[in-house]
Amino acid sequence: MSPVLRAFLIISALLLLAPLLFPSVYYYRIGVLVLINTLSVTGMVVLLGYVGLVSLGHAGFFAIGAYATAVLPAYGIPPILTILVGAIGAALVAAFIGKPILRLKGHYLAIATLGFGMLVWMVLSKEAWLTGGPDGMVVESIDVKAPFELLGIKIKTAIAWYWICAVAVVIGIVLATNLANSPAGRAMRAVHESDVAAASLGIDVARTKLTAFIISAVYASVAGSLLALFNRYVTPDTADFLHSIEIMTMTVLGGASSVYGALIGALILTSLPQMLTVFAEYENMMFGAIMILTMVLMRQGLAPAIAQLFSRGRK
Amino acid sequence: MSEFVQFCFSGLTVGAIYASVALGFTLIYNASGVINFSQGEFVVIGGMTTAVLIASGVPIWLAAPIAIIAAVIAGMTLYKLAIEPARGAPLVTLIIITIGASIFLRGLMQTVFDKQIHRYEGFSGEQSIAIFGAALLPQSIWILGGSLVVFVLLVWFLSRTKAGNAIRATSSDILAAKLAGINTNSTMMLAFALSAATGALAGVLATPVTFTSYDAGVLMALKGFAAMMLGGVGSPAGALIGGILIGLIEAFTAGYISSDYKDAAAFLVIFLVLFFMPGGLFGMVRVERV
Amino acid sequence: MTSLTLENIGISFGGLRALDGVSFTANSGEVTSIIGPNGAGKTTLFNIITGIYQPDIGKVLIDGTDVTGEAPHDLARRGMARTFQNLQIFEQMSALDNVMAGRHLHERRNVLADMFGLPSSRKCNRESAIAAQAALKRVGLGGVANRPAGDLSYGQLKRLEIARALTTEASLILFDEPAAGCNAVESREIDDLISSIASDGAAVILIEHDMRMVMRISSHIIVLDHGRKIAEGTPETVRKSPQVVEAYLGVHGAKEAGAALA
Amino acid sequence: MKRFLAATTILATLCAPAIAEIKIGATLAITGPASFLGDPEAKSLKMVVDQVNKAGGINGEMIKLIIYDDGANPNKARTFAIRLIEEDEVVAVVGASTSGTTMALIPLFEEAEIPFVSLGGAIAIIDPVKSYVFKTPHTDRMACSKIFEDIAARGMKKVGMISGTGGFGASMRKQCLEIATATGIEVVADETYGPKDADMTPQLTNIRNAEGIQAIINPGFGQGPAVVTRNYAQLGIELPFYQSHGVASNSYIELAGKASEGVRLPATALLIPDLMAADDPQKEVVLNYISSYTEMTGEPVSTFGGYAYDGLRLVLEAIRAKGSSKPKDIRDGLEEIQGFAGVTGVFNFSATDHLGLDLSAFRMLEIRDGGWTPAK
């Protein structure tokens, strides 16, 4: 079975079966958040897992998508179309800033991307005439139930959102898996492991990095647009430094090398805080401790560790 | 004139705090190649512990050392429980571990102390000193002096002492350092302890000016990190200059351009510097051997 | 027909003259070897030819075109490929993928087609796989194509790099110590491989310490010492130059060298 | 399937409803940038529930309080709000500490028809009136009115502003600029600072140098205003200095120290319990709140805790008055509340007023000798 087909089948099956565990709309909401996070993390897998670049500013792209969706309808662009406009905007911004900053390495790249995220955050909080300032703005809602009603299915809004996001995630993961096993993806992985060797084979290292950066920005932007539509409200928090860190952490915790890691990382870090509410004021301590423990015990992330467990089981 | 001097004072005070945090980053980076994102929490441990002790009647000369010792214990525990077991893990994994540690420490302080904002009186009173028509708080002098002393001690330590040489050797080639008989584990533990002490000292000195609360470390780490990158990773001089530059840029932007975008200005300068000097002001870009 | 010409190449690192006035020409169908003691500047020379370093002075010409200072990937586009002294393998990728990466310039590059898995992209992939398989077979690694490169032995990795360079179909290939660390049998195989690559029409430039190998397959040898070219010519000429023997192996080594070179 | 069953069993045990219990929810910024608000709010809510349950509950039923920490992040707040509505099946919700999170939650509660008593300051929360949304804090617009009233009364025409860039400061800055225009007072300097900034002397230097400036206003909460106040003293500025209700707490005086001498701010009765007239309807409530809060937490009271205290007590009052804990009845009950003395003020709700406070609940206070006195 090709890796793409396998990913498609596994992820689709998981997403189809998951609702069996959802007793209420609240669980669907968590499900939707997991899926939206999975989407931005998948983009990060392309960036970190494929070409090996660290970004601490991806929330900036996420917010570009979210605010495109929030702001543009007032200028006559239909909400659905804003997802596309946001994605194109994020791609252009990524291309523009990526050129100079992707020359930087390691921690220098980290601080440059972090600075980018901060700048987006600042613009969103200070330009209140456009963005509503730190308190955010309302997003024009869309009727997500319509397509289902067309098929004669009566469905709650949150559940409709779950299926829409599930489709988006499956598409996102299939695209990323396709990429991994394609000429362009091979070039990315080659750059990751040795940029001198990659260059000696004619691979334009800067361009390859930029391509991955743009792709990951588009993923984040689409995820941002979806969250804005789903929440019907956006605030500059979407661009917050801590949100960037969150995307990064999900990626690494899940295992940056595979798209499965994206789903696992997003699932754990989205649902964990919900479970930890029972610890009340110890919540943060628990959360931090779990993060440390997971990374110490499973350096490559959860997905590879789980895969290893399975293959051992098979033997 | 008096405005200019006033902006300088503001920039130097704030910049010196960033510099102290950046120096703590530098120490750990030099020993282990890790950027310790929980460095900001060391600063808070220093400030919070001192504040709480002073509030319960302990004099500052006793409270400060206790606070620094508390931070050192936290730093060593962090190394022992989280960094050492993960040695050899990919760099991003280590970054995530230190981020986890920072969340953990924040949670810990929130339960051990509280969520209130704390401060205590400046060491030499609160009466500002007039210089060239500008007002300087005596505590600012303490802060500036503190960061300079830490800088000098750090340079001396790294270049003149056996332990410092061990740290530098460990960072440049851990295997070679091991072969040369350096106990790399205890060397790194030492780096974490010293870095925690540096951070806590910054917290002790800065709290009368900056105030402190359990979650103040995030911003500290952010600015300190930015300062180190501006100066060039791993260079003590870079950390010092980088921190002070960022403080000055913020103050002058707030004073002469717009207070709305003073943080943005700092980051724009970092972008520009990195564009022309990809290794920061004092950093070196390593040439890869192939 | 491809030829590489170096004119008066010089470079310094922190005041240390690593290369000084090095000139030579390498022609297609020939193996041009660069020899010299450790630290003579051989790999530095390679890094200048392949665009990793910029020379302070001098020119690099490919078929008469000045390509000095061009980026490595642009030079690859001009038909240059290389292997590395310190292996530069994509360890997390399979052996096949490593070699397929070498097909980069022959692939249609459209990232959207790749993401959507369009037929054009898949066709491209298939063709690369076929070419890569062929290259792996040629270096004798046909059996380990699907193993992760990180699992292969040192000798296998050396050959993997050769396969990767081969599959670019470059007309100018630089080998940096391709046989280092290999046993006699493996060494012999690599010998034959390099000879056959040259006889297929590529210009081959070789850095190698194994004198037996150098003498057997080179048509042209350049001897470097302390960054300068001290001799150049056919194996016969170089072998006979006492200056070379002395500079290269030192007076003490001269006797052994005589034996080795005989 | 087995796992699914196990999961549902666990959930069932966790969610098993106790008998005769009124569930009230809260999502607050207990940690994060607005923990300054959320922390005392959460403590105040717990305190009310303890007190009421000890006294036998409401209408013979015990109160169960479910609090979540949203860290002032609207995305998290929404998740918790849905959890409160769907999973915990609460009958009313107090909270969302900030205006931003409140605005993000309003559509949810309107849709679910669960009464929602917000602790956010922005006027947009209750203007226009939404069926199920109420709030207890004064609006920032009211605070600005109060301040500018005072400025105008002192005959001043030109003021400078230095505002925090957080939601509170930004929103209040906007309201104050509007009120200034309306009252004919000119804002000659308009500076901002980040909520965690350590030094605002550059901004204050610029304000001091503004032509003809007569007073300074500082909208913001948390440590920022205390730093501004210290810097103000450091620079030796002697202009009249106004803070907002955002720092109406003794901890502000503690943090700002002597520098806060002479600062004026609009605040609630909470800060001057001893100066209240004996027949003041708020007197008893305020004294009660102060003594039990300081006893329970060992921390000084703040206006914010008072908002939450009032919010929950108003909900309970509605339940008591209606004799029902159905969300619809609570909503109706809230709207009917008249003359209810809280720590923030005396609440009179109506179908067109879901705040129920007027400017009279705001008092202009001045800090004298490290304590609060009514400004003259």
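The sequence lines fix the lettering, A, B, ..., with proteins before strands; numbering per chain opens at 1. Both backbone and side-chain heavy atoms feed into the values below; hydrogens, waters and symmetry mates do not.
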Next on the checklist: If you count heavy atoms of other groups shown closer than 6.0 angstrom to CH2 of B/Trp142, is the number above 12?
Outcome noted: no
Next on the checklist: Heavy-atom cut-off 4.5 Å, strictly under: side chain, backbone, both or neither for D/Glu299 against chain B?
Outcome noted: side chain
Checklist entry - Can you say whether B/Gln110 sits under 4.5 Å from chain D via the side chain, the backbone, both, or neither, judging by heavy atoms? => result side chain
Item to check | Pairs of heavy atoms under 4.5 Å with chain D: top-ranked of B/Ser128, B/Ala251, B/Ser10 | outcome: B/Ser10
Checklist entry - Does any heavy atom of chain D fall under 4.5 Å from the side chain of B/Thr253, the backbone, both, or neither of them? => result neither
Item to check | Atom of D/Thr192, atom of B/Ser259 and distance for their closest heavy-atom approach | outcome: N-OG, 2.9 Å
Checklist entry - If we only count heavy atoms from C-beta on, is the B/Phe211 to D/Leu255 side-chain gap below 4.5 Å? => result yes
Checklist entry - How long is the gap from OG1 on D/Thr297 to CG on B/Asp114, to the nearest 0.5 Å? => result 10.0 Å
Item to check | Atom of D/Asn206, atom of B/Ala254 and distance for their closest heavy-atom approach | outcome: ND2-O, 3.5 Å
Item to check | Donor-acceptor contact present, side-chain D/Gln223 to main-chain B/Thr210, <3.5 Å | outcome: yes
Item to check | Part of B/Ile129 lying under 4.5 Å from any heavy atom of chain D | outcome: neither
Next on the checklist: Could you go through D/Asp197 and B/Glu250, starting from their C-alpha distance and side-chain angles, then the distance that decides it, and tell me whether this counts as side-chain contact (heavy atoms from CB on, under 4.5 Å)?
Outcome noted: CA-CA 10 Å; D/Asp197 282 0; B/Glu250 286 181 1; 5.8 Å; no
Item to check | Nearest heavy atoms of D/Val227 and B/Val209, plus distance in Å | outcome: CG2-O, 4.4 Å
Checklist entry - Where on D/Ala226 is there a heavy atom nearer than 4.5 Å to chain B: the side chain, the backbone, both, or neither? => result both
Next on the checklist: Just checking B/Phe132: does its CZ atom have more than 12 heavy atoms from other residues, nucleotides or ligands closer to it than 6.0 angstrom?
Outcome noted: no
Checklist entry - Which answer fits D/Asn209, side chain, backbone, both or neither, if we ask what part of it has an atom under 4.5 Å from a heavy atom of chain B? => result side chain
Item to check | Over 12 non-hydrogen atoms of neighbours within 6.0 angstrom of CZ in B/Phe123 | outcome: yes
Checklist entry - Any side-chain donor paired with an acceptor under 3.5 Å for D/Thr205 and B/Glu3? => result no
Checklist entry - Taking all atoms of both residues into account, what is the closest heavy-atom pair of D/Gly32 and B/Asp215, and its distance? => result O-OD2, 3.4 Å
Next on the checklist: Using side-chain heavy atoms (C-beta onward) and a distance below 4.5 Å, is D/Gln234 in contact with B/Gln6?
Outcome noted: yes
Item to check | Toward chain D, the part of B/Lys262 with a non-hydrogen atom under 4.5 Å | outcome: side chain
Next on the checklist: Check this for me: D/Lys196, atom NZ, are more than 12 non-hydrogen atoms of other residues, nucleotides or ligands nearer than 6.0 Å?
Outcome noted: yes
Item to check | Gap between atom CD of B/Glu121 and atom NZ of D/Lys258 - 0.5 Å precision | outcome: 7.0 Å
Next on the checklist: Counting heavy-atom pairs closer than 4.5 Å to chain D, which one of B/Leu219, B/Thr13, B/Leu137 comes out on top?
Outcome noted: B/Leu137
Next on the checklist: Quick one, B/Lys115 and D/Ile30 - any side-chain contact, counting heavy atoms below 4.5 Å?
Outcome noted: yes
Checklist entry - Any side-chain heavy atom of B/Tyr214 within less than 4.5 Å of one from D/Thr31? => result yes
Checklist entry - Quick check: are there more than 12 heavy atoms from other residues, nucleotides or ligands sitting under 6.0 Å from CD of D/Glu178? => result yes
Item to check | Closest-packed option against chain B by number of heavy-atom pairs under 4.5 Å, given D/Glu254, D/Gln203, D/Arg208 | outcome: D/Gln203
